[in-house]
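The structure under discussion appears below in the form of structure tokens.
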Amino acid sequence: MNAKERELIRALPNRLLGIVFGIIMVVNAGPFGKAAPDEIQDIVTTNLSLLGWLIIGMSLLRTVIDYWLKLTPETD
């Protein structure tokens with residue numbers, strides 16, 4: 001196992017934590033929206049859901065990019 005593989009494995013829990021945090025935000029967007037004042041319930045629900053999906057997407061994208069960079073040989 002070389003240094004790049006070790007670095008990638010070390011960063012994986014942070015990526016997974018981002019995915020889990022995003023899922024928690026998406027699942028709890030409805031209850032948080034209902035807890036907000038009546039005028040902004042829809043906005044809060046939509047924004048929390050959107051933010052959760054963005055966190056999930058960015059974490060997945062970063063993980064895929066890191067693995068792709070590890071698997072492809074360097075060419076200079």
Side-chain angles (χ1 to χ4, degrees):
M1 184 178 297
N2 61 22
K4 286 185 181 180
E5 290 174 341
R6 287 178 189 265
E7 183 180 324
L8 185 63
I9 291 170
R10 235 181 276 133
L12 194 58
N14 292 334
R15 308 287 191 275
L16 294 176
L17 187 63
I19 293 169
V20 169
F21 184 68
I23 291 171
I24 290 171
M25 287 186 71
V26 170
V27 169
N28 290 319
F32 277 122
K34 289 178 184 174
D38 292 336
E39 301 85 28
I40 61 170
Q41 283 183 354
D42 291 337
I43 295 170
V44 170
T45 302
T46 303
N47 286 339
L48 281 176
S49 181
L50 177 64
L51 184 62
W53 283 113
L54 282 172
I55 291 171
I56 292 168
M58 296 300 278
S59 295
L60 285 173
L61 182 65
R62 180 62 191 238
T63 304
V64 169
I65 289 172
D66 286 346
Y67 275 108
W68 180 75
L69 288 174
K70 179 199 160 291
L71 294 176
T72 56
E74 291 183 24
T75 55
D76 288 335

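Between Leu12 atom CG and Leu17 atom CG the span is 11.0 Å, to the nearest 0.5 Å. Distance CG/Leu51 to CE/Met25: 4.0 Å, rounded to 0.5 Å. Atoms OG1 and CD1, on Thr46 and Ile40 in that order, are 11.5 Å from each other to the nearest 0.5 Å. Once rounded to the nearest 0.5 Å, the distance linking CD1 of Ile43 with CG of Leu48 reads 12.0 Å. The CG atom of Asn47 sits 10.5 Å away from atom CG of Asp42, with the distance rounded to the nearest 0.5 Å.
Proximity of Trp53 to Leu50: side-chain heavy atoms (C-beta onward) are nowhere separated by under 4.5 Å. Side-chain contact check for Ile19 versus Ile23: some heavy-atom pair is nearer than 4.5 Å.
The hydrophobic cluster containing Leu16 also contains Val27, counting ILVMFWY residues as joined when their side-chain heavy atoms lie under 4.5 angstrom apart, directly or transitively. The hydrophobic cluster containing Leu61 also contains Trp68, counting ILVMFWY residues as joined when their side-chain heavy atoms lie under 4.5 angstrom apart, directly or transitively. Note on Tyr67: it does not cluster hydrophobically with Met58, by side-chain heavy-atom contacts below 4.5 Å among ILVMFWY residues. Hydrophobic clustering (ILVMFWY, side-chain heavy atoms < 4.5 Å, transitive): Ile55 and Phe32 are in one cluster.
When all heavy atoms of Ala29 and Ser49 are compared, the closest pair comes out as CB-N, 3.8 Å. Contact record, Val44 with Ala36: CG2-CB, 3.9 Å, taken as the closest heavy-atom pair.
Looking at Arg62 and Asp66, a side-chain N of the basic residue comes within less than 4.0 Å of a carboxylate O on the acidic one, giving a salt bridge.
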